[in-house]
4 protein chains.
Amino acid sequence: MTQPPRPDPDHPAPPRRKRRKEARPAEIVEAAFAVFCEHGYGKARVDDVARRAGIAKGTVYLYYPNKQALFQAVVEAKVTAAISQAAIMADGFEGSSAELLRRMVRNAYDNLVLTDAKLLMRIIIGEGHLFPEIQSLYYEVGIKPGMTMLDKVVERGVSMGEFRDGPAREFPRLIMAPGIMAAIWQMTFSANEPIDMERYFESHLDLVLNGLKA
Amino acid sequence: MTQPPRPDPDHPAPPRRKRRKEARPAEIVEAAFAVFCEHGYGKARVDDVARRAGIAKGTVYLYYPNKQALFQAVVEAKVTAAISQAAIMADGFEGSSAELLRRMVRNAYDNLVLTDAKLLMRIIIGEGHLFPEIQSLYYEVGIKPGMTMLDKVVERGVSMGEFRDGPAREFPRLIMAPGIMAAIWQMTFSANEPIDMERYFESHLDLVLNGLKA
Amino acid sequence: MTQPPRPDPDHPAPPRRKRRKEARPAEIVEAAFAVFCEHGYGKARVDDVARRAGIAKGTVYLYYPNKQALFQAVVEAKVTAAISQAAIMADGFEGSSAELLRRMVRNAYDNLVLTDAKLLMRIIIGEGHLFPEIQSLYYEVGIKPGMTMLDKVVERGVSMGEFRDGPAREFPRLIMAPGIMAAIWQMTFSANEPIDMERYFESHLDLVLNGLKA
Amino acid sequence: MTQPPRPDPDHPAPPRRKRRKEARPAEIVEAAFAVFCEHGYGKARVDDVARRAGIAKGTVYLYYPNKQALFQAVVEAKVTAAISQAAIMADGFEGSSAELLRRMVRNAYDNLVLTDAKLLMRIIIGEGHLFPEIQSLYYEVGIKPGMTMLDKVVERGVSMGEFRDGPAREFPRLIMAPGIMAAIWQMTFSANEPIDMERYFESHLDLVLNGLKA
DNA sequence: GATGAATGAGTCTTCATTCAT
DNA sequence: TATGAATGAAGACTCATTCAT
């Protein structure tokens, strides 16, 4: 996503060999994220990652032992970032559970459905079976924490008498399903049938909240 | 999955060979389906398809000009089959719309979520961007007809006063979202956290029907 | 060592794609032998092997899964050939043990010291530690049988009273040591100090037979 | 083998640094020797040499222009050391030529066969053809002086009537052949068939001395 | 001098596709 | 039609060497 550092016209000569040990991993991960998003894992070329990061191919291998490790770093960085955002929001919320749920789902849209993050999810879905460890990583840092948060909201809603003790109690992820589907749809069929995501979001919430209502 | 039909030396079996000639495309498609399901598109090898079909690699190219065309044939065959099943069921149903919806969702579970068909969907999701035409095909033969059917059921339910004129009216696919998610979960995270699919199915329906209730 | 099959001038068009499933392995092994001899294992390029065999790089991998397997095939072919030669000669020999020994040593010179076979030995010595299995193979098919043959000759000589029951009884390989050294010298220092191999051979035998004399 | 001398923060240790500066080449050579012994020339990585010497990779290139020069330095240092040892011993020896020969061969075992020095020899044999200059160096500093010494001993023995004027007169290196072979065997086939080196040494001497006997 | 980040040429290996038989 | 041997472009990874700091 970041463009290769284009030389500042104020500075005469852009050093071809820059030494940026601290910044490099993040830069590479960012470039890798972009390339993986565009081509998926299998079709992404390490060479492209390097080029996008403005470095030589070999340099990538200075920081990550192989393509898979690079991908793992991307997953780790991106998912962790997205999830921690959500956690902050949920913490210490006061108000109706319905409102909390709305915020939570909104958050998922803002950080996953409407973001390139969904493209990472696509890789996990589509090619994750090739490296179960990364799949598990994604589950542990992304899915499980997310599910746990949902769990708590449902619990809260039920104990406050707002939600019924029904299906979402056993499978809180049901609540998020339409969002996941929207993300997939967006990546897959939006050319055939685009979604008005804002209306979809409202409909999503409407259906789910009505389904949960005590 | 089928072993290559090794000709019995005692039986000249000419009818078999003739029958085979016509059956070839279907056999190849079947083998390809299995291989694509196992490895995804990119990692599937044409050689494996041939071996699985009990023929030589070159023979595959006699029927399909390239790997992509083969994949397209698989999508066409499999999706068409699955969808027509559903259509039959829905046609001329008499009973409550809730019951019709249940059957429909059940059908989706039986033909997609609990079947290898979901593995095809995985490829469309994960690698479909590499060949938009096939993605569109999948949409046209699979998704759109499915959505249309859902549409009708919702329409029916609303006009009969069973369902409210709410979110599912605008986005009928919301109804199916939990099923799609289940399919993906099954392929991706079942090792980390398995789903009791029958209970999930009931919860899915429960949530949705309550969300739809007039 | 074999030149890439140069098209017979009598035949009009040398087919670029030849089908020679039977001949290929041997051709490739021969080409590989030449290339390995010239560059050693590590510096030998599979591409060169292919070129020398008059085929494309990929074709090599049709017959041997990787470079190491190819090398193993070379070792197997070459060593087996050389050793079986020796065995034939030794079998059923009648005459003095000294004469038998001379023939044996002569054979070693003819098949190892004065041949490219010593270049294979060089690889086993110099790079064999990278693949102990092939080292062991060389030992099993080449060294051990050779040692066994020597063993028998010494045994024969001792029991016939020709040789004394001395050092060569315990270490028959002592007999061959000067030959091995000659092979190495030839490959390593002949530019600095060439050996007159025929005189060396005679001296070798002279020293050893005198050392063995009862 | 040696850990990089980590400077004690309490002691400024300037003498150590100064001493180090002069010691650097030797330290690097020592580290290089170890690494070359372990991996051979081609598979040895300059990086490993540096790490082992406790310095940075670039520093190696401050003292040696490239990997080959470094190897040459190793050869020079190690071979010179080994050979000068032998020369001292031989000089001004009084006693039988047989005894002198025994000492000489013993010396070869102690300094070559039973030492890592043989690993250097292995590289010269196995990969020396890649850099003939180093091969020649090895010959000039190691082989030739050694041969000359042998030469003198044989000469002495013959003129004193101890040895016959036979094969070892023309090819004194015949005397050492079993030792060379032992070194190679040790590096190559000891896993398959170990040698009791002390008994081998005695057998070696026995055979050779008997072969020489006037 | 010393460092170690950066470079990029060099190789093995894979596999969709072709085509002589 | 059917075969399967042959092709060769593509891509991951290594490591000697350079050079800015």
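Chain letters run A, B, ... following the sequence lines, proteins first, then strands; residues in each count from 1. Basis for what follows: all heavy atoms, side chains included, without hydrogens, waters or symmetry-related copies.
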Q: Represent DNA chain E in dot-bracket notation, 5' to 3'. Only Watson-Crick or G-U wobble pairs with both distances under 3.5 Å count; pseudoknot-style crossings use [ ] and interstrand partners use |.
A: .||||||||||||||||||||

**Q.** Minimum side-chain heavy-atom gap B:Leu119-B:Arg122 below 4.5 Å
**A.** yes

Q: From the options F:dA5, F:dT1, E:dT13, select the nucleotide whose nearest atom is closest to the side chain of B:Leu62.
A: F:dT1

Q.
Need one value for A:Ala44: base, sugar-phosphate or nothing, where a base atom within 4.0 Å counts as base even if backbone is also close, heavy atoms only.
A. sugar-phosphate

Q. With a 4.5 Å limit on heavy-atom distance, are the side chains of A:Asp48 and A:Arg51 in contact?
A. yes

Q. Rounding to a whole Å, what distance do you find between B:Phe36:CZ and E:dC15:P?
A. 13 Å

Q. Hey, which of D:Tyr64, D:Phe33, D:Phe131 is the one that makes ring-ring contact (aromatic ring centres under 6.0 Å, His included) with D:Phe71?
A. D:Phe131

Q.
Just the rounded figure in Å: distance from P of E:dA5 to CD of A:Glu27.
A. 14 Å

Q) Below 4.0 angstrom from OP1 or OP2 of E:dT3, is there any side-chain N or O of D:Thr59? A) yes

(Q) Show the nearest heavy-atom pair for residues C:Arg52 and C:Ala34, with the distance to one decimal. (A) NE-CB, 3.5 Å

Q | First encountered from the 5' end of DNA chain E, between C:Arg45 and D:Ala56 | A | D:Ala56

Q.
Counting only side-chain heavy atoms from C-beta out, which of F:dA5, F:dT18, E:dG8 sits nearest to C:Arg24?
A. F:dA5

(Q) Does anything in residues 64-73 of chain B come within less than 4.0 Å of DNA chain F? Heavy atoms only, and list the residues if so. (A) none

Q: Keeping the roles fixed (side chain from B:Glu127, backbone from B:Gly42), state whether a donor-acceptor pair exists under 3.5 Å.
A: yes

Q: Could you work out which one of F:dT17, E:dC12, F:dT7 sits closest to the side chain of D:Tyr61?
A: F:dT17

Q) According to the interplanar angle, ranging from 0 to 90°, do the rings of C:Tyr41 and C:Phe36 count as parallel (below 30°), tilted (30 to 60°) or perpendicular (above 60°)? A) parallel

Q) Taking all atoms of both residues into account, what is the closest heavy-atom pair of B:Gly40 and A:His129, and its distance? A) N-CE1, 4.3 Å

Q: Calculate the interatomic distance between A:Arg51 atom CZ and E:dA6 atom C1'; express it in whole Å.
A: 16 Å

Q) Between F:dG4, F:dT17, F:dT1, which one does the side chain of B:Tyr63 approach most closely? A) F:dT1

Q) Using 4.0 Å as the upper bound for N to carboxylate O, is an ion pair formed by C:Glu30 and C:Lys78? A) yes

**Q.** Distance-only donor-acceptor test (3.5 Å): side chain A:Lys57, base E:dT7
**A.** no

Q) Toward the 5' end of DNA chain F, which comes first, C:Gly58 or A:Gly42, by nearest nucleotide? A) C:Gly58

Q) Below 4.5 Å, heavy atoms only, C-beta onward: do A:Val29 and A:Tyr63 meet side chain to side chain? A) no

Q | Contact nearer the 5' end of DNA chain E, comparing B:Asp47 with C:Lys43 | A | C:Lys43

